[in-house]
Amino acid sequence: MKYTTALFFCGLLTAMSAAAQQLPDSAVFAQAAAAVTYKAAITGDMRAITMPAAPEGYRLLLRGTDRLPVIDANGNIHTPLVSSVVKLYFVLQRLKDSATLDVPNLTVTVPGKYESGSGNTAPGVIPALREWYGGKGSYQLAAGTSLVIDPVYAAALLPGVTAFQQDLQLLTGGTRYQVRKGKPGKGDIYFTLSSPDTSVGEEGYLMQITDRITIQAPHHKGAFWATRTILQILEQDAQHRHIPQGITRDYPKYAVRSFVLDAGRKFFSIDFLRHYVKFMSYYKMNDFHIHLNDNGFAKFFGDNWDSTYAAFRLENTTYPGLTAKDGAYSKREFIALQALADSFAVNIIPEIDVPAHSLAFTRVEPQTASLTYGRDHLNLDSASYRMIDNVFREYLQGPEPVFKGAEVHIGTDEYAKKEAEKFRAFTDHYIRFVESFGKKVRMWGSLTHARGNTPVKSDGVTMNAWYNGYAAPRDMIRQGYDLISTPDGWLYIVPAAGYYYDYLDVQRLYNKWEPNMIGDVTFPMGHPQIKGGAFAVWNDHPGNGITARDVHDRVFPAMQVLAEKMWNGHTERSSYNTFRPVALQLGEGPGLNMRAKVTGKTTEVLAYDFASAADNSGNNRNMQEMHQALLTPDKTLLLKGGRSFVQTPLTEIGYNYTVQFEIKPAAGNKPNAVIFSSPDAAVTLLQQETGKLGFTREGYHYYFNYRVPVNVWTTIKITGNNKGTSLYVNGKLAERLEGATIAFSNTKDKIAKVQTLVFPLAYIGDKTNSFAGEIKNLKVLNTVED
């Protein structure tokens, strides 16, 4: 024992001495890196940068820039339209041992082809254009405008141009625009992949706007992003016709601009996902990461794994019981989703999350469950490998696999730390297994948490770096992983959970964050292993009443801001005060209105006095089809129960709204008799279990503690916002369904009970179970009136 102790102290002293010797040398190295400067001016005739001088004993290596289409990773200069600021990323290499150290970004200014003049200012779009040189006057979209494709590149361009044609038609109220091959004429929009400027990369484009629009890009993705710019400019023009003349050279700062949606703990319809492809594309967000399986927390299900919610959202024929019964995507639907995404320049990243978050798997194959760490953990023995091999194989094998894209996410987060070696072996196996089908692998960062000796492949693997305690970013970079910045403390939305964010702090994000920041670690701009960023929605609390509309209400403002931060980062032009007005003018893209926003000449967007079918709000939203319903001489609408309704031009109205009406129900209405309905929701006179006024949406049934009296007139006002729904009766607040929680006997923790409502307006009454009685003086406002 004494001998061992003596050896220990001897070793400790030796280590301390070595550290003392290294410290001055490290400090000298850091001082040398910090002292590097760039003094040479860049002139217009230079084709490459001049390398700055390295201190004696070192050499400088250029590793990247934050504006590769202006100065590429080899130091070559590609002349921008106007003067542009570029940050250079060098590492300093010590010659005696080849050790390297990051040099703080060196900033240079590259002169442009044109001097900033007095032409048109850059149009406000999200994300903002990287380069703009303004002309005079404006281009005008006309009914005779053709979308003209260079015949040489027709096969590559046609899907995107066809999508653009459909979007233009939606935006401009049905005007049809011809798609043809050939040469453009005045007023046409021309697309070619014969670009004089290949430096803008796969997603960049050059667009010249004169009396016609010419779009030149090296790749069809860049040509498609140009169409999103055009659509956003037209959306903000009252006539949807005018675009300021000028030239833009546009390209992203980060290659991966991602959104992660937890569909495992909350089902989102395939239509919702299809809408999201288009919505993300509208803001040039190119990476839709769909988390296909997960489970709730056992403590909210009586600590009973048999009762704990779990779901896998994709059709599976090898294990038919794996496919969720309460909502899943068929293989055909998922393949079609990816095909749609391809035409909108969006990558679908499917995630199968193992070996934690795996209750859906262990419920089907109980022998795969861990008896030590809980049944949401695979036990990492042969049964687990066999099952997960089979699951991945089903979606990856064959000439037409279900997972069509280049990348697949294998999960690998938050597994029990004590099993680090087995976890690391499991992770390495699935990296190599998925790669054997020709795919690249993404994974969650957990290898700092799961330290060990078992090697895990890093070459060609991309990691979502979400929490630095689980994956220290600098260490992961040293190991060779590419990183997607996904910091939970900045970018995690967990709706109504009371932790992380309910809504992201978008102004703080705009002013402070971009993807080179991962938690408290900031990498130099232009670091080639920082591929981009991702923000996420995690639906941790199944059963809390959150709807797809509620999720979207949280995502929408974040998508706008993070699109800007991932395409542009922070620039000398960045100003939230300038950005915000543009954000308020832009929607979700042509044909989309998931927030159910309704506008009008005033806050009153619909008004029926039922003297006629006319809308008295001045917005010309007259009543449409009428079935088994009657406008009475007393200016009321009489509904007869069953299939009895009036159709309106509005499907619904989203937050914030007020709907007011007077109602006189007849006696004898059936349970769940409907006053207002839409495909997604219903307001019911008699909730099934209570006989009280209530509403239904996404399988949740809520009611107010109020029964509407029969055969008398009552004035009802319902208001709704993103927090809840309120009922006023005869001018007085009756109840506010907001802020409720659900308690559990086995834990002090609670979850929210979200009782929001996007108000249904497609029908007054219903196609199957309308209420019987009369209604009058209906008013709908796009504001909350207390």
Side-chain angles (χ1 to χ4, degrees), residues 125-127 159-175 177 224-237 240 257-259 261 263 268-288 290 333 336-348 535 537 547-564 582-600 605 621 649-657 678-681 697-698 722 758-762 782:
V125 294
I126 300 174
V161 174
T162 301
F164 178 48
Q165 176 197 37
Q166 295 167 351
D167 286 343
L168 270 182
Q169 185 174 330
L170 287 167
L171 180 64
T172 58
T175 303
Y177 300 94
F224 185 78
W225 291 143
T227 70
R228 305 302 92 181
T229 297
I230 291 170
L231 289 168
Q232 286 197 11
I233 296 169
L234 291 174
E235 181 184 356
Q236 296 172 79
D237 177 60
H240 305 317
R257 305 177 301 281
S258 184
F259 169 60
L261 181 64
F268 296 86
S269 72
I270 195 68
D271 283 341
F272 183 90
L273 300 188
R274 290 176 69 87
H275 291 337
Y276 251 56
V277 164
K278 296 178 181 180
F279 164 51
M280 290 178 61
S281 175
Y282 196 56
Y283 289 98
K284 300 187 179 79
M285 294 285 282
N286 68 345
D287 198 90
F288 190 9
I290 303 173
E333 286 176 328
L337 174 70
Q338 294 165 91
L340 175 74
D342 285 346
S343 67
F344 278 82
V346 174
N347 302 315
I348 299 292
F535 74 109
V537 168
T547 68
R549 301 301 185 84
D550 291 320
V551 169
H552 181 58
D553 195 64
R554 288 155 170 78
V555 170
F556 180 80
M559 190 74 75
Q560 291 183 312
V561 165
L562 290 167
E564 177 68 26
V582 179
L584 291 173
Q585 291 185 65
L586 290 174
E588 301 158 10
L592 298 179
N593 188 15
M594 291 175 281
R595 294 179 300 156
K597 293 299 182 183
V598 180
T599 59
V605 297
R621 294 185 170 118
L650 294 178
T651 303
E652 57 213 344
I653 188 168
Y655 322 131
N656 300 310
Y657 66 79
S678 73
D680 294 321
R697 83 289 191 279
E698 285 199 18
N722 64 344
V758 170
F759 199 95
L761 287 168
N782 60 9

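We number each residue from 1, following the sequence as shown. All values below were derived from every heavy atom in this structure, side-chain atoms included, with hydrogens, water molecules and symmetry-related copies excluded.
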Exercise. Roughly how far, to the nearest 0.5 Å, is CG of N593 from CG of L650?
Worked result: 10.0 Å
Exercise. Any side-chain heavy atom of L234 within less than 4.5 Å of one from T172?
Worked result: no
Seminar exercise, completed: Tightest non-hydrogen contact, residues Y282 and P590, listed as CE1-CD, 3.8 Å
Exercise. Is a side-chain donor or acceptor of R697 paired with a backbone partner of V758 at a separation under 3.5 angstrom?
Worked result: no
Exercise. For the side chain of Q338 and the backbone of I348, is there at least one donor-acceptor N/O pair under 3.5 Å apart?
Worked result: no
Exercise. CG of L168 to OG1 of T227: how many Å apart, nearest 0.5 Å?
Worked result: 8.5 Å
Problem set entry | Aromatic plane relationship, F279 with Y283 - under 30° parallel, 30 to 60° tilted, over 60° perpendicular | perpendicular
For this session: Applying side chain to side chain contact (heavy atoms under 4.5 Å, CB included), name anything that partners N347, two or more places apart in sequence or on another chain.
Result: K221, D287, I349
For this session: Assess whether side-chain contact (heavy atoms from CB on, under 4.5 Å) is satisfied between L273 and L261, documenting all intermediate values.
Result: CA-CA 10 Å; L273 300 188; L261 181 64; 3.8 Å; yes
Exercise. Should V555 and M594 count as side-chain neighbours, where that means a heavy-atom distance under 4.5 Å?
Worked result: no
Exercise. Stepwise, does the side-chain contact (heavy atoms from CB on, under 4.5 Å) test hold for W225 with N286?
Worked result: CA-CA 10 Å; W225 291 143; N286 68 345; 3.9 Å; yes
Exercise. Does the side chain of T651 reach to within under 4.5 Å of the side chain of P679, using non-hydrogen atoms?
Worked result: yes
Problem set entry | By side chain to side chain donor-acceptor pair (under 3.5 Å) - contacts of S281 (at least two apart) | none
Problem set entry | Intermediate values then yes/no, side-chain contact (heavy atoms from CB on, under 4.5 Å), T599 and V605 | CA-CA 6 Å; T599 59; V605 297; 5.8 Å; no
Problem set entry | Candidates E588, H275, R595 - the one meeting side chain to side chain donor-acceptor pair (under 3.5 Å) with H552 | E588
Exercise. If you round to the nearest 0.5 Å, how far is OH of Y655 from CZ of F759?
Worked result: 13.0 Å
Exercise. Any donor-acceptor pair under 3.5 Å linking the side chain of Q236 with the backbone of Q585?
Worked result: no
For this session: Compare every heavy atom of A681 with every heavy atom of P760, then report the nearest pair and how far apart it is.
Result: CB-O, 3.6 Å
Problem set entry | Near-ring test Y276/F268, centroid separation under 6.0 angstrom | no
Exercise. Do T175 and H240 pass the side-chain contact (heavy atoms from CB on, under 4.5 Å) test, and can you show the C-alpha distance, the side-chain angles, and the key distance before you say yes or no?
Worked result: CA-CA 11 Å; T175 303; H240 305 317; over 6 Å; no
For this session: List in chain and number order the residues that pass side chain to side chain donor-acceptor pair (under 3.5 Å) with R274, two or more places apart in sequence or in another chain; answer none if no residue qualifies.
Result: none
Exercise. Is K597 reaching over with its side chain to a backbone N or O of I653, donor-acceptor style, under 3.5 angstrom?
Worked result: no
Seminar exercise, completed: Sequence neighbours excluded, the answer for side chain to side chain contact (heavy atoms under 4.5 Å, CB included) partners of Q169 is R176
For this session: Applying side chain to side chain donor-acceptor pair (under 3.5 Å), name anything that partners D553, two or more places apart in sequence or on another chain.
Result: Y503
For this session: Working to the nearest 0.5 Å, report the span between CD1 of I290 and CG of L337.
Result: 5.0 Å
Exercise. Between R228 and D167, does at least one N-O distance fall below 4.0 Å, as a salt bridge requires?
Worked result: yes
Seminar exercise, completed: Between A563 and M285, the two heavy atoms sitting closest are CA-SD, 3.6 Å
Seminar exercise, completed: In terms of heavy-atom contacts, V346 and V277 come closest through CG2-O, 3.9 Å
Exercise. Which value, rounded to the nearest 0.5 Å, describes the distance between E333 atom CD and I270 atom CD1?
Worked result: 5.0 Å
Seminar exercise, completed: Nearest heavy-atom contact between N656 and N722 is OD1-N, 4.3 Å
For this session: Could you tell me whether a side-chain N or O of Q560 sits under 3.5 Å from a main-chain N or O of A583, the two making a donor and an acceptor?
Result: yes
For this session: Enter the distance from E652:CD to Y657:OH here, rounded to the nearest 0.5 Å.
Result: 10.5 Å
Exercise. If every non-hydrogen atom of P127 is compared with every non-hydrogen atom of E564, which pair is closest and at what distance?
Worked result: CA-OE1, 3.1 Å
For this session: Establish, yes or no, whether a centroid distance under 6.0 Å links the rings of Y177 and F164.
Result: no
For this session: Would you please name every residue forming a side chain to side chain donor-acceptor pair (under 3.5 Å) with D237, sequence neighbours left out?
Result: H242
